[in-house]
Amino acid sequence: MDRMPHWADAVLVPLISLILAAILSALVIIGIGEDPVAAFNLMVEGALMRSAGWGYTLYYATNFMFTGLAVAVAFHARLFNIGGEGQATLGGLGVALVLLYIPWPHWSLALLAATLGAAAFGAIWAFIPAYLQAKRGSHIVITTIMFNFIAAAFLNYVLVNLLRPQGAMDPATEKFPEATHLPTFRDMFSSAETIMFRGAPANVTFFLAVIACLVVWLLLWRTRLGYEIRAFGHSESAAKYAGISPVRITVIAMLISGALAGMMALNTTQGESERLILNATEGAGFIGIAVALMGRSHPFGVFLAAILFGFLFQGGAELALWTNIPRELIVVIQALVILFTGALDNMVRMPLERVFLALRRKEG
C-alpha cells in the first residue's frame, strides 16, 4: 500500500515545497531592504494582470514546456538528459535551414516543416550521447553537458562563416521570408478597437507546446513503447527479463527527448527572432530540468510548472525594471524552487507520509 495518496504526492508535496521556497525568498528580499509583499504584487501585476505580461509569460512557458517534456521523457527511462540546451541550439539550425533554403507559400506549411527540422536536428544531437551510454557505458550526464558546449561552438562557426549574410556584422542569419513568419498572439487576439498582447513575443507555437504535452502523455501511458520506457526506468533487470532491450529503449528515449528539446527553437527562432541568432536558448534547456522535477515528470505537471517558471521570468524582469531588486535575485528564487522541489523533496514528503499513515491507523 502506498504511504501517501497519489493526489497528495502530485499536489500537496509541490505546493508545500513552493510555499517554503516563497517564505525563504521573502526573507532574502527583506534581507536586501525591500518589501516582499510589494515585490510579489509587482511580479503579479507585470506578469499576469496585463495581456502584454501574459504574452511574455506564455512565451517563456512555451520554451520550458518543450525542454521540460524532453527531460521528463528521459527521466522515465532513468536517464538524466542535461543536454537540452545543446539540442535546442541544433534544433534552431534545423529550423533555419528548412526556412531559408526551401520556399514556403504559407506559415502553416513552414511550421510543419520547421517542426520536423527542429526535431530531427535535436534528436541527432541526442543520439551520440545515447549510443555512448547504451553501448559503451559512458555517463549520460557527462556526455550531454559536453555536447552543450560543442553545439554552441558549432553554431557559432556556422553562423559566422557559413550562414551570415555578406557584409553583415551580426553572427546571425538573414530574416526568414515573410511567408514563414508565425502569427503572434497580438495578430490572433487583437481587434480594430482593442490591441492585445502589445509587443509580446508569444505566438502560435504555444499551442504546439500544449499539443506536445498531450502527445507525450499518450505516448507514455497509452502505448506499448511508453510502457517499455517506464518499465525500463523502474527496473532495468525486470525489463530485460520481460524482453525489453536496454540499448533500444535508451536510444529511443533519448531520441524523443532530443527531438522535444529541439522543438523549442520553433518558438525562439521561427516565432520570436524570425532568424537564427546565437544564444537563443537563454538557459531554457537547464530550466527544463527544474520544470520536469517540479512537474513530477508528468506532462500536465510540466505544463503547470512551465507556467510558473514563465511567471518567475517575466515577473523577475518587472522587478529589475521598476525596483532596486537585482535581476539575479530571480535566479535565487528559481534555485530555491528547484532546491525544495528536487533536492529537498523528501524533507516535505516524509513528514506528510507519517501524517497519512497516522490518519490510516486512526481510521483503522
Side-chain angles (χ1 to χ4, degrees), residues 56 59-60 62-67 70 81-104 107 109-129 143-182 184 201-205 208-209 254-255 257-288 313 317:
Y56 277 96
Y59 168 76
Y60 293 127
T62 303
N63 295 336
F64 303 150
M65 279 184 224
F66 283 121
T67 56
N81 179 14
I82 203 171
E85 195 82 356
Q87 291 147 20
T89 296
L90 265 292
L93 181 58
V95 169
L97 294 177
V98 166
L99 298 184
L100 286 173
Y101 296 108
I102 302 176
W104 299 103
W107 67 262
L109 295 175
L111 178 59
L112 179 62
T115 300
L116 296 175
F121 273 63
I124 289 169
W125 204 246
F127 172 75
I128 301 174
T143 53
T144 50
I145 200 168
M146 287 172 61
F147 268 62
N148 288 337
F149 294 103
I150 298 172
F154 178 69
L155 182 64
N156 183 71
Y157 174 82
V158 169
L159 285 178
V160 171
N161 296 284
L162 301 178
L163 295 182
R164 183 175 57 171
Q166 189 172 8
M169 298 297 293
D170 247 359
T173 67
E174 61 183 307
K175 278 278 188 178
F176 299 147
E178 185 74 28
T180 68
H181 294 179
L182 298 180
T184 64
N203 58 78
V204 71
T205 313
L208 189 63
M254 281 296 293
L255 287 176
S257 179
L260 287 165
M263 287 169 64
M264 192 209 89
L266 297 170
N267 190 40
T268 57
T269 301
Q270 185 179 9
E272 197 266 334
S273 299
E274 296 173 345
R275 60 176 182 161
L276 180 60
I277 61 175
L278 284 176
N279 304 319
T281 55
E282 296 181 338
F286 296 116
I287 298 297
F313 261 62

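All residue numbers refer to positions in the sequence shown, counting from 1.
Judged by distance alone, the side chain of Ser273 and the main-chain N or O of Thr268 form a donor-acceptor pair under 3.5 Å. Side chain of Thr281 to backbone of Thr89: no donor-acceptor contact under 3.5 angstrom is found.
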**OP:** Tell me, with the steps shown, if Leu266 and Thr115 meet side chain to side chain contact (heavy atoms under 4.5 Å, CB included).
**Re:** CA-CA 7 Å; Leu266 297 170; Thr115 300; 3.4 Å; yes
Subject >> Pair Leu276-Leu93, side chain to side chain contact (heavy atoms under 4.5 Å, CB included): steps then yes or no >> reply: CA-CA 7 Å; Leu276 180 60; Leu93 181 58; 4.0 Å; yes
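Not a single ring pair (Phe, Tyr, Trp, His ring centres under 6.0 Å) links Phe176 to another residue, sequence neighbours left out. Among residues two or more places apart in sequence or in another chain, the side-chain hydrogen bond (donor to acceptor under 3.5 Å, both in side chains) test is passed with Thr173 by none. Every side-chain contact (heavy atoms from CB on, under 4.5 Å) that Ala110 has, sequence neighbours left out, goes to Leu99, Trp104, Thr180, Gln270. Residues passing the side-chain hydrogen bond (donor to acceptor under 3.5 Å, both in side chains) test with Thr143, sequence neighbours excluded: none. Contacts of Tyr60 classified as ring pair (Phe, Tyr, Trp, His ring centres under 6.0 Å), with partners at least two apart in sequence or in another chain: Phe313. Listed by chain and residue number, Gln87, Ser257 satisfy the side-chain hydrogen bond (donor to acceptor under 3.5 Å, both in side chains) test with Asn81 (two or more places apart in sequence, or in another chain). Residues meeting the side-chain hydrogen bond (donor to acceptor under 3.5 Å, both in side chains) test with Thr205, sequence neighbours left out: Asn203. In terms of the side-chain contact (heavy atoms from CB on, under 4.5 Å) criterion, Glu282 has no residue partners (sequence neighbours excluded).
Scanning all heavy atoms of the two residues, the minimum distance from Ala118 to Val95 falls at CB-CG2, 3.6 Å. The two residues Ile277 and Ala172 make their nearest non-hydrogen contact at CG2-CB, 3.7 Å. Of all heavy-atom pairs between Thr144 and Met254, the closest is CG2-CE, 4.0 Å. The two atoms that bring Ala265 and Ala88 nearest to each other are CB-O, 3.8 Å, heavy atoms only. Taking every heavy atom of both residues into account, Pro201 and Tyr59 meet most closely at CG-CG, 3.5 Å. Residues Thr67 and Gly288 approach most closely at OG1-CA, 3.4 Å, considering heavy atoms.
Atom CE of residue Met263 and atom CG of residue Leu116 lie 9.0 Å apart, to the nearest 0.5 angstrom. Note that CG of Leu255 and CG of Leu260 are 11.0 Å apart. Values are rounded to the nearest 0.5 Å. Note: Met264 CE to Met65 CE = 13.0 Å, rounded to the nearest 0.5 Å. Atom CZ of Phe147 sits about 11.0 Å away from atom CZ of Phe127, to the nearest 0.5 Å.
The side-chain hydrogen bond (donor to acceptor under 3.5 Å, both in side chains) contacts involving residues 147-157 comprise nothing, where partners must be two or more places apart or lie in separate chains. Under the salt bridge (charged side-chain N to carboxylate O under 4.0 Å, His left out) criterion, the residue pairs touching residues 263-280 are Asp170-Arg275, Lys175-Glu274, with sequence neighbours excluded.
Ile124 is not listed as a side-chain neighbour of Leu90, based on a closest heavy-atom distance of 4.5 Å or more. Side-chain contact between Asn267 and Leu208 is absent, with no heavy-atom pair separated by less than 4.5 Å.
Counting heavy atoms of neighbouring residues, nucleotides and ligands inside a 6.0 Å radius, atom CZ of Phe286 exceeds 12 of them.
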